[in-house]
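Before any comments, here is the structure.
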Amino acid sequence: MDLKQLYQDIILEHGKSPRNFGICNEYTHEAKGHNPLCGDQVEVYLKLNKESKVENLTFKGSGCAISIASTSIMTELVKGKSIEKAKKLVVDFLNMIKNGTIIKSDELDEDQKTKMMSLSGVKQYPMRVKCATLAWHTLTSAMEGNKEKVNTEVLD
Amino acid sequence: MDLKQLYQDIILEHGKSPRNFGICNEYTHEAKGHNPLCGDQVEVYLKLNKESKVENLTFKGSGCAISIASTSIMTELVKGKSIEKAKKLVVDFLNMIKNGTIIKSDELDEDQKTKMMSLSGVKQYPMRVKCATLAWHTLTSAMEGNKEKVNTEVLD
Amino acid sequence: MDINSIRSQFPILSKKINGKQLVYLDSSNSSQKPLNVLNSLDYFYKNEFSNIGRSIHSLAVNATNKFEETRISVKNFINANSKEEIIFTKNATESINLIATTFGQMSIKKGDEILITELEHHSNYVPWHYLRETRGAIIKFAPINDDGDIIIEKFKELITSKTKIIAVTHLSNVTGTIVPIKEIVEIARKKNIPVLVDGCQSAPHIKIDVKDLDCDFYAISCHKVYGPTGVGILYAKKKWLEKLPPYNGGGGMISEVNKNQITYAPLPEKYEAGTMPTAEVVAFNESIKFMQSIGIDNIIKHENELTNYTLEKLKKINSVNIVGNPRNKAGVISFTIKGIHPHDISTIVDEEGVAIRAGHHCCQILHKRLNLNATARASIGVYNTKEDIDVLCDAIKNCRKIFELK
Amino acid sequence: MDINSIRSQFPILSKKINGKQLVYLDSSNSSQKPLNVLNSLDYFYKNEFSNIGRSIHSLAVNATNKFEETRISVKNFINANSKEEIIFTKNATESINLIATTFGQMSIKKGDEILITELEHHSNYVPWHYLRETRGAIIKFAPINDDGDIIIEKFKELITSKTKIIAVTHLSNVTGTIVPIKEIVEIARKKNIPVLVDGCQSAPHIKIDVKDLDCDFYAISCHKVYGPTGVGILYAKKKWLEKLPPYNGGGGMISEVNKNQITYAPLPEKYEAGTMPTAEVVAFNESIKFMQSIGIDNIIKHENELTNYTLEKLKKINSVNIVGNPRNKAGVISFTIKGIHPHDISTIVDEEGVAIRAGHHCCQILHKRLNLNATARASIGVYNTKEDIDVLCDAIKNCRKIFELK
Ligand SMILES: Cc1ncc(COP(=O)(O)O)c(C=O)c1O
Ligand SMILES: Cc1ncc(COP(=O)(O)O)c(C=O)c1O
């Protein structure tokens, strides 16, 4: 494996300057996630509008480059999508990380697909998969209105 | 090792027909012993007279041939001795079993020495040493007026 | 089943004891270990060792995966629902203590009853005794008959509205009784009482299906199942593991730790505090493979044949008395010889290279029930043969000769 | 000290990881095992295996003797008074739980105080936390300064008439701080408070003399002391072991068992319930011999040199920050790099074959105290060399390159 595959420029860039960082105004949903192995924490704030569209999506938290970049990219890709499409994106993302499935979503333009695919290198690093998926699981938890903190140890 | 060395006729005979079995009248001292490994139990009853002489010595209990024979032989050898000499016999016996020391006691005639020496084969069978020594330790405990049950696991 | 090929996997079986070929008939105490298990231990330490679950370097990732593979094998071996239901402990004794302690903390109050049986090993009595001492619980002993079978009618009668848990062995380590666990669980289910099964002796010798048994807890010692020492297994239904408080506290079983509060890791980690017997767990996967390569049905068939052969031969020897005569019996054969103490038997047969156990086998209650101080016990493993039994019987005849029994 | 000959005793050190020579710098997590230990395991299983203490056949007698020989070696290794003071457990975590539980049962009432420090591993906090939950104890944390040293004056102030026990690490697994245990025990002695020492990290790296330290309890994990997984040690003064209630209940730890009453075995068996990690204990004797063959003074000298070398080299790398600067420091070197998360560091150096740990190292309290989420940690064993450190430093430089740090 080439480390440059894992640490692509886009990931390093998002890791250093995450987008949508902070707590957005008037969020309607929130959830917390935790990776006990490293102590990483993420909080996701989601504002759904009347039409069940993701009007805003922000996050707070600390973590490694992979985890921050994955969260940052997630907020960019999901913002503006309907809740159904957001859920589909989560599934696509997890499939890519776990099974190496290529992203073919109609919802994303080429640029966005490239962004999402930039995280596909994580598949080769089993211990880092949880870093990449924590935010996405936490988003699911927020959308489903779950109260319990997401814990990467119970996810596969 | 020859098993016949361990199971000499004299031992088998005492094992089958132990002497001084039962609770003697007007005993002045008693003590209990226990070998947790096998569940063997022995109770020793000692009658000391005014001159501190062992007037009577009997026992009750269950156990293997080695343990019953050793107890039976002990009662025979110790009976009639002064308490000092009884204590010396215990030391001699334990020395023989643990260090292979030959019995040279002036207190014993040749016949008695042979009896005691009949147990010397036990030295070759480490797991059986406790079977042979339990009664003797229990006698010590009785002479010293100890209340706690003798437990072979704390003896070496 | 190719017994020679099986035996060749156990190097120790070709050793000499007191100048005689070793005849190992003490497998209920602990089984010997086949080469694939020993090779796994050695290979793991020499090539792959690392602590698991904590570091994220390649060695650690690989070791963690190997460790978790065993968990899945165990899950399949006993047909559990999920791998979260498999907890690695140090031995079955700890498995039972874990449940007695945590269940006791959660559910046992003064006057509550715990139902066990007269067959139980100390490891399935002492932990419950603690609840008597610390919480005022009452322990009831379901009686057995002279054959060594639990008297089911009496068992039922002992269940009251205060019975909080039932703990019973699957297979007696003295009489070889195979206990009808399904029947017992069905009785317990009607009253909503959880059942803990001590599976120490059953795991290597009969088919275990916890889903079919429907028991709540199942305890296993890997060293009796052709595995290394230092590992045990606790199976527990997920609903219990989620509800019960944690047991040992320490690294690996926590989630968030603050100065005033602690939250615990999800299953199964919640119950695995501190560094696990990593290499031993990894190697135990090979023990399961060893058994599966022979096939549990073949093992049962072989051991049954051998048990019957042993019983027949022993019964033919004068003054030998077999302890118990249960309806279903596995290869655990305890006996006494009138006029010879079991310790003397053990010493004398040892001189012929035969390893059997003598004593109360950690079952003092059972021995008292049967009016015995001690018994001699020959116990069978998959590697034993009729020749082994022949040597045992000849050695027993020698006991009788030495003791001049007629 | 012949480092090449030492390294040649660890087959795993010649393995390749990601195509690169393994550089193992995770010994604080678990050490690698030398050949004599692995050979002992293998030999024991292949030639001598039997359960111990229970059967009286030749195999069992020999195995029991071997097992007890290790107990005597451990006694000498830590300079205990007698072998009854050495209890074998599954790991240091269990050793500490054993004391917390039994001492808690005997002596902790609502409002009683337990004094620990901000340096403690979760294994030396969670067991005491249980006493807070179940018995209403109060836990106080002795503070450290930014260097990672316990502030002795503050420590003294935290002792009150309600302090029932003090539990403190001998060597921090994050900062490498060597804690002045003698000083702490002297303070505690004046107030008659027992002291438990978590010796997990100290045992492989500094000289342990429990008589000189005069502590009441000392916990060790053998897998960190060049020994197999699955074994730990609890040292406790005899007077405590005699007084405290038993812990796990089961086979081997009882004396007489009746339906209404149980008496317990004498020491050390009272605390060794169920089948022990027999082979692992036997093999641990070889770990002690391994250390003694090098000489603990030589080990200390070598590891000190290497620690200083590491610190100097790391400090020269831009944006590397060493965590803690204690007065006495052993070869546990935690660090952070501004701009790179420890997990990313670990992944990147792993690509060069370097095994270090990243995370909170089971010390969340300490990380919070130091305002850190996670750290990277390189920890040294007797087999490490300056070349290992050079590879680490080059790999760290590679982290900086990948992350384009200036
Ligand atoms: C300081 C310290 N205490 C306790 C422990 C726990 O040791 P174990 O996991 O072997 O029980 C460790 C190791 O993880 C440690 O470093
Ligand atoms: C029926 C039964 N239960 C429990 C145990 C205890 O197993 P361990 O000593 O491995 O914890 C044994 C074995 O000694 C046993 O035979």
Side-chain angles (χ1 to χ4, degrees), chain C residues 11-12 15 17-18 26 29-30 32-33 38 41-42 45-47 49-51 54-59 90-94 97 121-123 126-127 129-130 141 221 223 228-230 248-251 254 257 259 262 273-275 277-280 343 346-347 350 355-358 362 364-365, chain D residues 11-12 15 17-18 26 29-30 32-33 38 41-42 45-47 49-51 54-59 90-94 97 121-123 126-127 129-130 141 221 223 228-230 248-251 254 257 259 262 273-275 277-280 343 346-347 350 355-358 362 364-365:
Chain C
I12 201 170
K15 291 291 135 193
I17 298 293
N18 299 318
D26 199 16
N29 199 347
S30 194
Q32 296 296 342
K33 331 297 176 196
L38 304 185
L41 271 179
D42 204 52
Y45 279 127
K46 284 183 181 158
N47 297 278
F49 178 74
S50 158
N51 208 338
R54 300 177 166 195
S55 293
I56 59 166
H57 51 73
S58 299
L59 272 183
K90 69 193 252 195
N91 54 28
T93 299
E94 191 187 34
N97 276 273
H121 189 279
H122 294 156
S123 291
V126 187
H129 167 73
Y130 288 169
F141 291 85
S221 263
H223 69 92
T229 48
N248 276 350
I254 52 81
V257 176
K259 279 194 177 172
I262 293 175
T275 300
T278 318
E280 293 78 12
H343 268 190
S346 176
T347 297
D350 184 52
I356 62 171
R357 186 168 169 190
C362 301
Q364 291 186 15
I365 300 294
Chain D
I12 200 170
K15 291 290 136 191
I17 299 293
N18 300 317
D26 199 17
N29 198 348
S30 194
Q32 297 296 341
K33 331 297 176 196
L38 305 185
L41 272 177
D42 203 52
Y45 279 127
K46 284 184 180 158
N47 296 279
F49 179 73
S50 157
N51 208 337
R54 300 177 167 195
S55 294
I56 58 164
H57 51 74
S58 300
L59 272 184
K90 69 194 252 195
N91 53 30
T93 299
E94 190 187 34
N97 276 271
H121 189 279
H122 295 156
S123 291
V126 187
H129 167 73
Y130 288 168
F141 291 84
S221 264
H223 70 93
T229 49
N248 277 351
I254 53 81
V257 176
K259 280 192 178 172
I262 293 176
T275 299
T278 318
E280 292 77 11
H343 267 189
S346 176
T347 297
D350 184 51
I356 63 170
R357 185 165 170 194
C362 302
Q364 291 185 14
I365 300 294

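Below, chains carry the letters A, B, ... as their sequence lines are ordered, and counting in each starts from 1. What you see below is based on every heavy atom in this structure, not just the backbone, and it leaves out hydrogens, waters and symmetry mates.
With a 4.5 angstrom heavy-atom cutoff, C/K33 touches chain D only via side-chain atoms. When heavy atoms are compared at a cutoff of 4.5 Å, D/D26 approaches chain C solely by way of its side chain, counted from C-beta outward. Residue contact with chain D, scored on non-hydrogen atoms closer than 4.5 Å, involves the backbone and the side chain of C/N47 alike. Residue D/S221: no heavy atom, backbone or side chain, is found under 4.5 Å from chain C. Both the backbone and the side chain of D/L38 come within less than 4.5 Å of a heavy atom in chain C. If you measure heavy-atom distances from C/K15 to chain D, the contacts under 4.5 Å come from the side chain alone. Contact annotation for C/F49: both backbone and side-chain heavy atoms come within less than 4.5 Å of a heavy atom of chain D. Interface residue C/I254: only side-chain heavy atoms are found under 4.5 Å from chain D. Contacts between C/I262 and chain D at a heavy-atom distance below 4.5 Å involve backbone atoms as well as side-chain atoms.
Of all heavy-atom pairs spanning D/I356 and C/H57, the tightest one is O-CD2, 3.1 Å. Considering every non-hydrogen atom in both C/Y45 and D/Q32, the closest pair reads O-OE1, 4.2 Å. The nearest pair of heavy atoms linking C/S30 to D/N51 is CB-CB, 3.9 Å. The shortest heavy-atom contact between C/G249 and D/P127 is O-CG, 3.5 Å. Closest heavy-atom contact between C/N91 and D/A273: ND2-O, 3.5 Å. Of all non-hydrogen atoms in C/G251 and D/S123, the two that sit nearest each other are N-OG, 3.0 Å.
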*List the steps and the verdict of side chain to side chain donor-acceptor pair (under 3.5 Å) for D/N18 and C/S58.*
CA-CA 8 Å; D/N18 300 317; C/S58 299; 3.3 Å; yes

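The candidate with the highest count of non-hydrogen atom pairs below 4.5 Å against chain D, out of C/K46, C/H223, C/K259, is C/K259. Ranked by heavy-atom pairs under 4.5 Å with chain C, the first of D/A279, D/A355, D/G230 is D/A355. Top candidate by heavy-atom pairs under 4.5 Å with chain D, chosen from C/S50, C/P11, C/G250, C/P228, is C/G250. Between chain D and the options C/H121, C/E94, C/H122, heavy-atom pairs under 4.5 Å are most frequent for C/H122.
Put simply, the side chain of C/H129 does not reach to within 4.5 Å of the side chain of D/V257, judged on heavy atoms. Inter-residue side-chain proximity for D/T93 and C/T275 is flagged as unmet; no heavy-atom pair is nearer than 4.5 Å.
Note that OG1 of C/T229 and CD of D/E280 are 3.5 Å apart. Values are rounded to the nearest 0.5 Å. Note that the CD1 atom of D/I56 and the OG1 atom of C/T347 stand 4.0 Å from one another [nearest 0.5 Å]. For the atom pair CG (D/L59) and CG (C/N29), the distance works out to 11.0 Å, reported to the nearest 0.5 Å.
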